[in-house]
Amino acid sequence: MIQDTIAAVATPFAPGGIGIIRASGPGVEDIARRLFRPTKGRPCPFNSHHLYLGDIICPDTGAILDEALVTIMRSPRSYTGEDTLEIQAHGGLLVMQQILRTVLKAGARLAEPGEFTRRAFLNNRIDLSQAEAIAEIISARSEGGLEIALARLKGDMADLSRGLRDEVIELLGILETSIDFEESELDREDQSNPKEKIQSLEVRISELLATYQRGRMLAAGISVVIIGRPNVGKSSLLNALLGKKRAIVTAIPGTTRDLIEDTLAIGDLTMLVVDTAGIREGADLIEREGIDLLRDRLSTADLAVVVVDGSDEPQQEDLEIIAGNLHLPLVVFLNKSDLPQKLQSERFTTLGPGIVCIQGSAKLNHGITELKEAIYGLVNQEKREARSSVMVTNLRHKLALEKAAVFLQQARIALEEGISPELILLDLREAADALGEITGKILCEDVLDRIFSTFCVGK
(Lines give C-alpha, C1' and ligand atoms only; values in the text may rest on other atoms or scores of the structure.)
Protein backbone atom coordinates (compact mmCIF):
# COMPACT_ATOMS: atom_id res chain seq x y z
CA MET A 1 0.00 0.00 0.00
CA ILE A 2 1.33 3.41 -0.99
CA GLN A 3 0.41 5.91 1.70
CA ASP A 4 2.47 9.00 0.89
CA THR A 5 2.12 11.76 -1.69
CA ILE A 6 4.97 12.58 -4.06
CA ALA A 7 5.62 15.70 -6.13
CA ALA A 8 8.10 16.93 -8.75
CA VAL A 9 8.49 19.29 -11.67
CA ALA A 10 7.36 17.32 -14.73
CA THR A 11 8.76 19.69 -17.38
CA PRO A 12 12.46 20.34 -18.16
CA PHE A 13 14.41 22.64 -15.84
CA ALA A 14 14.66 25.46 -18.37
CA PRO A 15 12.69 28.67 -18.98
CA GLY A 16 9.51 28.07 -20.99
CA GLY A 17 6.00 29.28 -21.61
CA ILE A 18 4.48 26.59 -19.37
CA GLY A 19 5.87 24.56 -16.50
CA ILE A 20 4.03 21.63 -14.89
CA ILE A 21 4.28 20.42 -11.32
CA ARG A 22 2.79 16.98 -10.72
CA ALA A 23 1.77 15.40 -7.42
CA SER A 24 0.37 11.92 -6.88
CA GLY A 25 -1.03 10.18 -3.84
CA PRO A 26 -3.81 10.35 -1.26
CA GLY A 27 -3.06 13.90 -0.14
CA VAL A 28 -3.30 15.80 -3.43
CA GLU A 29 -6.77 17.27 -2.93
CA ASP A 30 -5.84 18.61 0.48
CA ILE A 31 -2.71 20.18 -1.04
CA ALA A 32 -4.74 21.70 -3.89
CA ARG A 33 -7.28 23.26 -1.51
CA ARG A 34 -4.50 24.79 0.59
CA LEU A 35 -2.55 26.26 -2.34
CA PHE A 36 -5.20 27.16 -4.93
CA ARG A 37 -7.46 30.24 -4.88
CA PRO A 38 -10.01 30.11 -7.76
CA THR A 39 -10.38 33.25 -9.85
CA LYS A 40 -14.17 33.28 -9.35
CA GLY A 41 -13.73 33.26 -5.58
CA ARG A 42 -16.11 30.35 -4.96
CA PRO A 43 -15.00 27.03 -3.38
CA CYS A 44 -13.55 24.80 -6.08
CA PRO A 45 -15.36 21.45 -6.58
CA PHE A 46 -12.28 19.86 -8.21
CA ASN A 47 -14.25 17.62 -10.53
CA SER A 48 -11.98 15.01 -12.05
CA HIS A 49 -10.18 16.00 -15.26
CA HIS A 50 -11.48 19.61 -15.17
CA LEU A 51 -9.17 22.62 -15.46
CA TYR A 52 -9.60 25.49 -13.00
CA LEU A 53 -8.04 28.94 -13.33
CA GLY A 54 -6.78 30.76 -10.28
CA ASP A 55 -3.78 31.74 -8.18
CA ILE A 56 -1.25 29.55 -6.45
CA ILE A 57 -0.66 31.06 -3.02
CA CYS A 58 1.61 30.51 -0.05
CA PRO A 59 -0.70 29.15 2.70
CA ASP A 60 1.33 30.78 5.48
CA THR A 61 1.35 34.35 4.10
CA GLY A 62 -1.34 34.39 1.43
CA ALA A 63 1.22 35.74 -1.07
CA ILE A 64 0.49 34.94 -4.71
CA LEU A 65 3.17 32.79 -6.33
CA ASP A 66 1.68 32.63 -9.83
CA GLU A 67 -1.52 32.42 -11.85
CA ALA A 68 -2.09 28.83 -12.99
CA LEU A 69 -4.42 26.17 -14.30
CA VAL A 70 -5.03 23.33 -11.85
CA THR A 71 -6.57 19.90 -12.40
CA ILE A 72 -7.09 16.80 -10.30
CA MET A 73 -7.33 13.43 -12.06
CA ARG A 74 -8.95 11.00 -9.70
CA SER A 75 -8.06 7.35 -9.23
CA PRO A 76 -7.96 5.13 -11.21
CA ARG A 77 -8.20 7.39 -14.29
CA SER A 78 -4.77 8.95 -14.00
CA TYR A 79 -1.24 8.20 -15.13
CA THR A 80 -0.24 6.66 -11.81
CA GLY A 81 -3.62 5.12 -11.01
CA GLU A 82 -3.77 7.37 -7.93
CA ASP A 83 -5.34 10.78 -7.35
CA THR A 84 -3.03 13.11 -9.28
CA LEU A 85 -2.67 16.89 -9.14
CA GLU A 86 -1.19 18.95 -11.97
CA ILE A 87 -0.36 22.63 -11.66
CA GLN A 88 0.22 24.29 -15.03
CA ALA A 89 2.02 27.54 -14.27
CA HIS A 90 4.41 29.84 -16.13
CA GLY A 91 7.62 28.03 -16.92
CA GLY A 92 10.16 30.23 -15.14
CA LEU A 93 12.78 28.44 -13.09
CA LEU A 94 12.16 30.55 -9.98
CA VAL A 95 8.37 30.15 -10.28
CA MET A 96 8.70 26.36 -10.56
CA GLN A 97 11.02 26.18 -7.56
CA GLN A 98 8.75 28.31 -5.39
CA ILE A 99 5.59 26.34 -6.24
CA LEU A 100 7.32 22.98 -5.77
CA ARG A 101 8.72 24.09 -2.42
CA THR A 102 5.21 25.10 -1.34
CA VAL A 103 3.69 21.80 -2.49
CA LEU A 104 6.31 19.89 -0.51
CA LYS A 105 5.70 22.01 2.56
CA ALA A 106 1.95 21.34 2.23
CA GLY A 107 2.40 17.59 2.71
CA ALA A 108 4.16 15.96 -0.25
CA ARG A 109 7.68 14.64 -0.51
CA LEU A 110 10.03 14.97 -3.48
CA ALA A 111 9.57 12.08 -5.93
CA GLU A 112 12.45 9.76 -6.66
CA PRO A 113 13.59 9.21 -10.28
CA GLY A 114 10.89 7.35 -12.20
CA GLU A 115 8.59 7.09 -9.18
CA PHE A 116 5.46 8.29 -10.99
CA THR A 117 5.93 5.60 -13.65
CA ARG A 118 6.83 3.04 -11.01
CA ARG A 119 3.52 3.73 -9.27
CA ALA A 120 1.73 3.37 -12.60
CA PHE A 121 3.32 -0.08 -12.91
CA LEU A 122 2.57 -1.10 -9.32
CA ASN A 123 -1.05 0.04 -9.74
CA ASN A 124 -1.41 -2.05 -12.93
CA ARG A 125 -1.88 0.95 -15.20
CA ILE A 126 0.98 -0.25 -17.40
CA ASP A 127 3.25 -3.28 -17.52
CA LEU A 128 7.02 -3.12 -17.23
CA SER A 129 7.68 -3.19 -20.98
CA GLN A 130 5.38 -0.18 -21.38
CA ALA A 131 7.15 1.62 -18.54
CA GLU A 132 10.47 1.13 -20.31
CA ALA A 133 8.88 2.32 -23.56
CA ILE A 134 8.00 5.64 -21.89
CA ALA A 135 11.66 6.24 -21.08
CA GLU A 136 12.60 5.33 -24.66
CA ILE A 137 10.02 7.74 -26.10
CA ILE A 138 11.52 10.55 -24.05
CA SER A 139 15.07 9.72 -25.15
CA ALA A 140 14.30 8.74 -28.78
CA ARG A 141 16.82 10.15 -31.25
CA SER A 142 15.39 8.82 -34.52
CA GLU A 143 12.00 8.38 -36.14
CA GLY A 144 12.53 4.62 -36.26
CA GLY A 145 13.35 4.44 -32.56
CA LEU A 146 10.36 6.58 -31.69
CA GLU A 147 8.04 4.40 -33.77
CA ILE A 148 9.22 1.23 -32.00
CA ALA A 149 8.89 2.83 -28.56
CA LEU A 150 5.35 4.01 -29.32
CA ALA A 151 4.38 0.52 -30.47
CA ARG A 152 5.77 -0.88 -27.22
CA LEU A 153 3.78 1.68 -25.23
CA LYS A 154 0.66 0.49 -27.04
CA GLY A 155 1.47 -3.03 -25.90
CA ASP A 156 2.89 -4.89 -28.90
CA MET A 157 5.75 -6.49 -26.93
CA ALA A 158 3.50 -7.12 -23.92
CA ASP A 159 0.82 -8.81 -26.02
CA LEU A 160 3.35 -10.99 -27.83
CA SER A 161 5.23 -12.08 -24.69
CA ARG A 162 1.97 -12.74 -22.82
CA GLY A 163 0.73 -14.85 -25.73
CA LEU A 164 3.94 -16.90 -25.74
CA ARG A 165 3.75 -17.34 -21.96
CA ASP A 166 0.11 -18.45 -22.15
CA GLU A 167 1.08 -21.14 -24.65
CA VAL A 168 3.84 -22.39 -22.35
CA ILE A 169 1.38 -22.51 -19.44
CA GLU A 170 -1.04 -24.47 -21.65
CA LEU A 171 1.77 -26.93 -22.34
CA LEU A 172 2.33 -27.24 -18.61
CA GLY A 173 -1.32 -28.19 -18.22
CA ILE A 174 -1.07 -30.88 -20.91
CA LEU A 175 2.00 -32.46 -19.34
CA GLU A 176 0.68 -32.21 -15.79
CA THR A 177 -2.45 -34.04 -16.96
CA SER A 178 -0.31 -36.77 -18.54
CA ILE A 179 1.33 -37.46 -15.18
CA ASP A 180 -2.08 -38.26 -13.65
CA PHE A 181 -2.97 -40.95 -16.20
CA GLU A 182 -1.51 -44.24 -17.28
CA GLU A 183 0.24 -44.11 -20.65
CA SER A 184 -2.36 -46.51 -22.10
CA GLU A 185 -5.12 -44.03 -21.35
CA LEU A 186 -3.48 -41.22 -23.34
CA ASP A 187 -4.07 -40.56 -27.02
CA ARG A 188 -0.69 -41.03 -28.68
CA GLU A 189 -1.42 -38.25 -31.15
CA ASP A 190 -2.01 -35.89 -28.22
CA GLN A 191 1.31 -37.01 -26.75
CA SER A 192 3.16 -35.74 -29.83
CA ASN A 193 1.58 -32.30 -29.67
CA PRO A 194 3.74 -30.90 -26.84
CA LYS A 195 6.94 -31.34 -28.84
CA GLU A 196 5.43 -29.68 -31.91
CA LYS A 197 4.15 -26.79 -29.83
CA ILE A 198 7.55 -26.30 -28.22
CA GLN A 199 9.19 -26.27 -31.66
CA SER A 200 6.70 -23.61 -32.80
CA LEU A 201 7.49 -21.50 -29.74
CA GLU A 202 11.23 -21.85 -30.36
CA VAL A 203 10.85 -20.66 -33.97
CA ARG A 204 8.83 -17.59 -32.99
CA ILE A 205 11.22 -16.63 -30.21
CA SER A 206 14.16 -17.09 -32.61
CA GLU A 207 12.49 -14.75 -35.14
CA LEU A 208 11.91 -12.21 -32.40
CA LEU A 209 15.52 -12.36 -31.23
CA ALA A 210 16.69 -11.85 -34.82
CA THR A 211 15.26 -8.32 -34.70
CA TYR A 212 17.45 -7.20 -31.79
CA GLN A 213 20.43 -5.78 -33.67
CA ARG A 214 18.27 -3.78 -36.06
CA GLY A 215 15.95 -2.70 -33.23
CA ARG A 216 18.85 -1.60 -31.05
CA MET A 217 20.28 0.45 -33.90
CA LEU A 218 16.94 2.16 -34.46
CA ALA A 219 16.39 2.85 -30.77
CA ALA A 220 19.88 3.81 -29.60
CA GLY A 221 21.56 4.81 -32.83
CA ILE A 222 24.79 3.38 -34.17
CA SER A 223 28.42 4.25 -33.63
CA VAL A 224 30.42 5.10 -36.76
CA VAL A 225 34.16 5.62 -36.20
CA ILE A 226 36.31 7.46 -38.75
CA ILE A 227 39.88 6.10 -38.79
CA GLY A 228 42.99 6.43 -40.90
CA ARG A 229 46.54 7.76 -41.05
CA PRO A 230 47.24 11.38 -40.02
CA ASN A 231 46.43 14.08 -42.55
CA VAL A 232 44.30 11.95 -44.90
CA GLY A 233 41.19 14.11 -44.33
CA LYS A 234 39.35 12.45 -41.43
CA SER A 235 38.34 15.76 -39.80
CA SER A 236 37.33 17.22 -43.16
CA LEU A 237 35.15 14.16 -43.75
CA LEU A 238 33.48 14.55 -40.34
CA ASN A 239 32.68 18.19 -41.17
CA ALA A 240 31.33 17.20 -44.60
CA LEU A 241 29.11 14.46 -43.14
CA LEU A 242 27.68 16.79 -40.50
CA GLY A 243 27.31 19.74 -42.85
CA LYS A 244 29.08 22.03 -40.38
CA LYS A 245 32.57 22.75 -39.08
CA ARG A 246 32.93 20.50 -36.06
CA ALA A 247 36.62 19.56 -36.21
CA ILE A 248 39.70 21.71 -36.77
CA VAL A 249 41.34 21.04 -40.13
CA THR A 250 45.02 21.82 -40.74
CA ALA A 251 47.89 20.40 -42.79
CA ILE A 252 49.76 19.60 -39.57
CA PRO A 253 49.73 15.87 -38.74
CA GLY A 254 48.34 15.08 -35.29
CA THR A 255 45.91 18.04 -35.10
CA THR A 256 43.14 15.75 -33.83
CA ARG A 257 44.31 14.22 -30.55
CA ASP A 258 41.02 13.60 -28.76
CA LEU A 259 37.77 12.02 -29.92
CA ILE A 260 35.43 14.47 -31.63
CA GLU A 261 31.85 13.23 -32.00
CA ASP A 262 28.44 14.44 -33.13
CA THR A 263 25.13 12.94 -34.22
CA LEU A 264 23.87 12.55 -37.76
CA ALA A 265 20.50 11.31 -39.03
CA ILE A 266 20.50 9.04 -42.11
CA GLY A 267 17.06 7.73 -43.01
CA ASP A 268 15.46 6.27 -39.90
CA LEU A 269 18.80 5.83 -38.13
CA THR A 270 20.68 8.15 -35.80
CA MET A 271 24.44 7.82 -36.02
CA LEU A 272 27.08 8.95 -33.58
CA VAL A 273 29.99 9.82 -35.86
CA VAL A 274 33.40 9.88 -34.18
CA ASP A 275 36.53 11.53 -35.58
CA THR A 276 39.71 10.07 -34.14
CA ALA A 277 43.42 10.67 -33.85
CA GLY A 278 45.52 9.58 -36.83
CA ILE A 279 47.15 6.19 -36.43
CA ARG A 280 50.90 6.41 -36.90
CA GLU A 281 54.18 5.18 -35.45
CA GLY A 282 56.27 7.62 -33.43
CA ALA A 283 53.27 9.57 -32.09
CA ASP A 284 53.93 11.70 -29.03
CA LEU A 285 52.47 10.96 -25.60
CA ILE A 286 49.23 12.93 -26.16
CA GLU A 287 48.67 11.39 -29.59
CA ARG A 288 49.20 7.90 -28.13
CA GLU A 289 46.49 8.64 -25.56
CA GLY A 290 44.19 9.60 -28.45
CA ILE A 291 45.05 6.37 -30.28
CA ASP A 292 44.25 4.36 -27.13
CA LEU A 293 40.86 6.10 -26.95
CA LEU A 294 40.33 5.19 -30.61
CA ARG A 295 40.98 1.51 -29.93
CA ASP A 296 38.50 1.54 -27.04
CA ARG A 297 35.85 3.14 -29.23
CA LEU A 298 36.45 0.67 -32.07
CA SER A 299 35.75 -2.20 -29.66
CA THR A 300 32.13 -1.04 -29.36
CA ALA A 301 31.65 0.48 -32.84
CA ASP A 302 29.00 -0.71 -35.29
CA LEU A 303 30.90 0.41 -38.40
CA ALA A 304 34.22 2.00 -39.36
CA VAL A 305 35.01 4.42 -42.18
CA VAL A 306 38.66 4.12 -43.21
CA VAL A 307 39.87 7.31 -44.87
CA VAL A 308 42.65 6.87 -47.43
CA ASP A 309 44.43 9.60 -49.42
CA GLY A 310 43.67 8.65 -53.02
CA SER A 311 46.25 11.13 -54.33
CA ASP A 312 49.10 9.45 -52.44
CA GLU A 313 51.13 6.35 -53.17
CA PRO A 314 49.79 3.11 -51.57
CA GLN A 315 50.79 2.96 -47.91
CA GLN A 316 51.29 -0.21 -45.88
CA GLU A 317 49.69 1.54 -42.87
CA ASP A 318 46.39 1.85 -44.78
CA LEU A 319 46.34 -1.89 -45.46
CA GLU A 320 47.18 -2.68 -41.82
CA ILE A 321 44.37 -0.44 -40.54
CA ILE A 322 41.86 -2.22 -42.80
CA ALA A 323 43.19 -5.68 -41.92
CA GLY A 324 42.92 -4.89 -38.21
CA ASN A 325 39.24 -3.99 -38.43
CA LEU A 326 37.75 -6.65 -40.69
CA HIS A 327 35.49 -7.73 -37.81
CA LEU A 328 33.46 -4.56 -38.47
CA PRO A 329 31.47 -3.51 -41.53
CA LEU A 330 33.95 -1.28 -43.39
CA VAL A 331 33.65 1.58 -45.84
CA VAL A 332 36.88 2.82 -47.41
CA PHE A 333 36.66 6.48 -48.43
CA LEU A 334 39.23 7.34 -51.11
CA ASN A 335 39.60 11.02 -50.31
CA LYS A 336 41.00 13.94 -52.32
CA SER A 337 39.44 12.97 -55.64
CA ASP A 338 39.94 16.62 -56.67
CA LEU A 339 43.66 15.79 -57.03
CA PRO A 340 45.33 13.39 -59.49
CA GLN A 341 44.58 9.87 -58.28
CA LYS A 342 47.18 7.17 -57.55
CA LEU A 343 44.83 4.62 -55.97
CA GLN A 344 41.87 2.66 -57.30
CA SER A 345 39.00 1.15 -55.29
CA GLU A 346 39.90 -2.39 -56.43
CA ARG A 347 43.02 -2.15 -54.29
CA PHE A 348 40.85 -2.32 -51.14
CA THR A 349 37.62 -4.16 -51.99
CA THR A 350 39.53 -7.45 -52.31
CA LEU A 351 41.03 -7.18 -48.81
CA GLY A 352 37.96 -8.56 -47.07
CA PRO A 353 34.33 -9.60 -47.59
CA GLY A 354 31.78 -6.83 -47.91
CA ILE A 355 34.19 -3.88 -47.99
CA VAL A 356 32.61 -0.93 -49.79
CA CYS A 357 34.84 1.67 -51.43
CA ILE A 358 33.70 5.22 -52.20
CA GLN A 359 35.73 7.85 -54.06
CA GLY A 360 35.19 11.49 -53.20
CA SER A 361 36.51 14.74 -51.83
CA ALA A 362 35.64 15.84 -48.30
CA LYS A 363 36.97 19.30 -49.16
CA LEU A 364 34.57 19.73 -52.10
CA ASN A 365 31.73 17.64 -50.62
CA HIS A 366 31.97 15.07 -53.41
CA GLY A 367 30.90 11.49 -52.67
CA ILE A 368 29.32 12.37 -49.31
CA THR A 369 25.81 11.31 -50.36
CA GLU A 370 27.18 8.01 -51.69
CA LEU A 371 29.08 7.49 -48.43
CA LYS A 372 25.93 8.01 -46.35
CA GLU A 373 24.03 5.54 -48.54
CA ALA A 374 26.83 2.98 -48.18
CA ILE A 375 26.85 3.33 -44.37
CA TYR A 376 23.07 2.96 -44.21
CA GLY A 377 23.13 -0.07 -46.47
CA LEU A 378 25.84 -1.88 -44.50
CA VAL A 379 24.20 -1.49 -41.09
CA ASN A 380 20.83 -2.58 -42.45
CA GLN A 381 21.62 -5.51 -44.74
CA GLU A 382 22.38 -8.14 -42.08
CA LYS A 383 18.97 -8.14 -40.40
CA ARG A 384 16.56 -7.60 -43.25
CA GLU A 385 15.44 -11.23 -42.99
CA ALA A 386 13.91 -10.85 -39.51
CA ARG A 387 10.23 -11.78 -39.89
CA SER A 388 8.69 -10.72 -36.57
CA SER A 389 6.44 -7.65 -36.70
CA VAL A 390 7.61 -6.72 -33.19
CA MET A 391 11.18 -5.53 -32.68
CA VAL A 392 13.32 -6.21 -29.62
CA THR A 393 15.26 -3.10 -28.58
CA ASN A 394 15.75 -3.70 -24.87
CA LEU A 395 18.64 -5.84 -23.62
CA ARG A 396 16.57 -7.05 -20.65
CA HIS A 397 13.90 -8.35 -23.02
CA LYS A 398 16.55 -10.02 -25.20
CA LEU A 399 18.07 -11.82 -22.22
CA ALA A 400 14.64 -12.97 -21.01
CA LEU A 401 13.79 -14.34 -24.46
CA GLU A 402 17.15 -16.12 -24.70
CA LYS A 403 16.57 -17.68 -21.28
CA ALA A 404 13.10 -18.85 -22.33
CA ALA A 405 14.55 -20.32 -25.55
CA VAL A 406 17.15 -22.31 -23.61
CA PHE A 407 14.56 -23.85 -21.27
CA LEU A 408 12.22 -24.64 -24.16
CA GLN A 409 15.04 -26.39 -25.99
CA GLN A 410 15.85 -28.41 -22.89
CA ALA A 411 12.18 -29.38 -22.52
CA ARG A 412 11.96 -30.45 -26.19
CA ILE A 413 15.11 -32.58 -25.97
CA ALA A 414 13.83 -34.15 -22.77
CA LEU A 415 10.57 -35.04 -24.50
CA GLU A 416 12.44 -36.58 -27.43
CA GLU A 417 14.57 -38.68 -25.07
CA GLY A 418 11.59 -39.83 -23.01
CA ILE A 419 12.73 -38.22 -19.76
CA SER A 420 10.28 -38.12 -16.87
CA PRO A 421 7.54 -35.46 -17.35
CA GLU A 422 8.25 -34.06 -13.88
CA LEU A 423 11.67 -32.86 -15.06
CA ILE A 424 10.21 -31.41 -18.27
CA LEU A 425 7.72 -29.44 -16.22
CA LEU A 426 10.59 -27.73 -14.40
CA ASP A 427 12.02 -26.44 -17.70
CA LEU A 428 8.63 -25.24 -18.91
CA ARG A 429 7.99 -23.40 -15.65
CA GLU A 430 11.37 -21.68 -16.00
CA ALA A 431 10.50 -20.72 -19.59
CA ALA A 432 7.16 -19.26 -18.48
CA ASP A 433 8.88 -17.28 -15.72
CA ALA A 434 11.45 -15.91 -18.16
CA LEU A 435 8.70 -14.68 -20.50
CA GLY A 436 6.89 -13.21 -17.50
CA GLU A 437 9.94 -11.07 -16.72
CA ILE A 438 9.33 -8.99 -19.86
CA THR A 439 6.05 -7.52 -18.59
CA GLY A 440 7.01 -7.65 -14.92
CA LYS A 441 4.76 -10.59 -14.11
CA ILE A 442 7.81 -12.26 -12.59
CA LEU A 443 10.34 -9.78 -11.24
CA CYS A 444 12.42 -8.93 -8.19
CA GLU A 445 12.68 -5.58 -6.44
CA ASP A 446 16.29 -4.84 -7.35
CA VAL A 447 15.43 -5.08 -11.06
CA LEU A 448 12.67 -2.50 -10.57
CA ASP A 449 15.11 -0.23 -8.73
CA ARG A 450 17.60 -0.50 -11.59
CA ILE A 451 15.02 0.21 -14.31
CA PHE A 452 13.32 3.20 -12.70
CA SER A 453 16.54 4.81 -11.50
CA THR A 454 17.28 5.70 -15.13
CA PHE A 455 14.13 7.87 -15.39
CA CYS A 456 14.05 11.61 -14.78
CA VAL A 457 12.62 12.79 -11.44
CA GLY A 458 9.35 14.16 -12.84
CA LYS A 459 8.45 10.93 -14.66
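Everything numeric here is computed off the predicted structure, so don't read it as measured data.
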Test side chain to side chain contact (heavy atoms under 4.5 Å, CB included) applied to Asp262 and Val274, step by step: CA-CA 7 Å; Asp262 211 330; Val274 185; over 6 Å; no
[atom1] of [X]: more than 12 outside heavy atoms within 6.0 angstrom?
X: Lys372; atom1: NZ; value: yes
X: Ile18; atom1: CD1; value: no
X: Gln88; atom1: CD; value: yes

Between [X] and [Y] (side chain of the first, backbone of the second, donor and acceptor by atom type, cut-off under 3.5 Å), is there such a pair?
X: Gln341; Y: Leu339; value: yes
X: Asp66; Y: Ile56; value: no
X: Arg22; Y: Thr84; value: no
X: His49; Y: Arg77; value: yes
X: Gln315; Y: Glu313; value: yes
X: Ser337; Y: Gly360; value: yes
X: Thr211; Y: Val392; value: yes
X: Glu261; Y: Val273; value: no
X: Asn394; Y: Ser129; value: no
X: Arg119; Y: Gly25; value: no

Do [X] and [Y] have side chains that get closer than 4.5 Å, going by heavy atoms?
X: Val224; Y: Val331; result: no
X: Val203; Y: Glu207; result: yes
X: Ser200; Y: Arg204; result: yes
X: His366; Y: Asp338; result: no
X: Leu209; Y: Lys398; result: yes
X: Asn123; Y: Tyr79; result: no
X: Thr263; Y: Leu242; result: no
X: Arg118; Y: Glu112; result: no

Arg165 and Ser161: side chain donor to acceptor below 3.5 Å: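 Arg165 vs Ser161: no donor-acceptor pair found between side chains.
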Residue pair Ser24 / Glu82, side-chain donor-acceptor N/O under 3.5 Å: yes
Using 0.5 Å steps for rounding, measure from the [atom1] atom of [X] to the [atom2] atom of [Y].
X: Leu328; Y: Ile322; atom1: CG; atom2: CD1; result: 12.5 Å
X: Glu402; Y: Phe407; atom1: CD; atom2: CZ; result: 12.5 Å
X: Asn365; Y: Ser236; atom1: CG; atom2: OG; result: 11.0 Å
X: Arg347; Y: Asp318; atom1: CZ; atom2: CG; result: 9.5 Å
X: Leu426; Y: Leu172; atom1: CG; atom2: CG; result: 9.5 Å
X: Lys403; Y: Glu430; atom1: NZ; atom2: CD; result: 7.5 Å

On a heavy-atom basis, which atom in [X] and which in [Y] lie closest, and how many Å separate them?
X: Ala414; Y: Ile424; result: CB-CG1, 3.6 Å
X: Ala432; Y: Ile169; result: CB-CG1, 4.3 Å
X: Ala304; Y: Ile227; result: CB-CD1, 4.3 Å
X: Pro194; Y: Leu171; result: CA-CD2, 3.5 Å
X: Asp127; Y: Ala158; result: OD2-CB, 2.8 Å
X: Ile358; Y: Gly367; result: CG2-O, 3.8 Å

Member of Val305, Val356, Val232 meeting the side chain to side chain contact (heavy atoms under 4.5 Å, CB included) criterion with Phe333: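 Going through the options one by one, the only one that passes is Val305.
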Option among Glu416, Arg412, Glu167, Gln409 that satisfies the side chain to side chain contact (heavy atoms under 4.5 Å, CB included) test with Ile198: Arg412
Residues Arg152, Thr393; criterion side chain to side chain donor-acceptor pair (under 3.5 Å); working and verdict: CA-CA 10 Å; Arg152 283 247 309 279; Thr393 63; 2.8 Å; yes
Step-by-step side chain to side chain contact (heavy atoms under 4.5 Å, CB included) determination, Leu150 to Leu146: CA-CA 6 Å; Leu150 285 169; Leu146 178 59; 4.0 Å; yes
Evaluation steps, side chain to side chain contact (heavy atoms under 4.5 Å, CB included), between Leu85 and Thr5: CA-CA 10 Å; Leu85 166 69; Thr5 299; over 6 Å; no
Check against side chain to side chain contact (heavy atoms under 4.5 Å, CB included), Val306 and Asn325: CA-CA 9 Å; Val306 182; Asn325 291 284; 5.7 Å; no
Candidate list Lys336, Lys234, Arg229, test salt bridge (Lys or Arg N to Asp or Glu O under 4.0 Å), partner Asp309, passing option: Lys336
